[in-house]
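Shown next, in structure tokens, is the structure this report addresses.
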Amino acid sequence: MRESFDASEIRALEEKLRSRSVLLCPRCDVHLDTRAIPPREDVSYVRDRVWLSCPECHRMVVLDRKPGV
């Protein structure tokens, strides 16, 4: 199983996502691979999510994009 980032790294990535900054791995300082996760039709609420993964350390996290991001 892949490891995730720690809480402070996740908060920093959320801030970078909101400010539309370049998303770099907080551990490896390389560009994170980014994949949009489309909303599912079988749930009553819509979530706009993005999956971030590092090609070097293989850590990953799924973040909710805030409206307007």
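What you are looking at is a predicted structure, and each value in this text was computed from that prediction instead of being measured.
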E9: side-chain hydrogen bond (donor to acceptor under 3.5 Å, both in side chains) partners, not counting sequence neighbours: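 side-chain hydrogen bond (donor to acceptor under 3.5 Å, both in side chains) list for E9, sorted by chain: R27.
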Under the side-chain hydrogen bond (donor to acceptor under 3.5 Å, both in side chains) test, residues paired with R35 that sit two or more places apart: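 By the side-chain hydrogen bond (donor to acceptor under 3.5 Å, both in side chains) rule, R35 matches no residue at all.
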Please enumerate all residues that pass side-chain contact (heavy atoms from CB on, under 4.5 Å) together with [X], with sequence neighbours excluded.
{"X": "R49", "answer": "I37, R47, V62, D64"}
{"X": "L24", "answer": "V22, D29, H31"}
{"X": "S4", "answer": "I10, V61"}

V30: hydrophobic cluster co-members (side-chain, 4.5 Å): none
Distance-minimising heavy-atom pair for P38 and A36: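 Looking at all heavy atoms of both residues, the shortest contact is CD-O, 3.6 Å.
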Residue that, paired with C25, satisfies side chain to side chain contact (heavy atoms under 4.5 Å, CB included) out of L13, L32, D33: L32
Cluster check F5, L17: I/L/V/M/F/W/Y, side chain < 4.5 angstrom: yes
E15 with R18: basic N within carboxylate O range, under 4.0 Å: yes
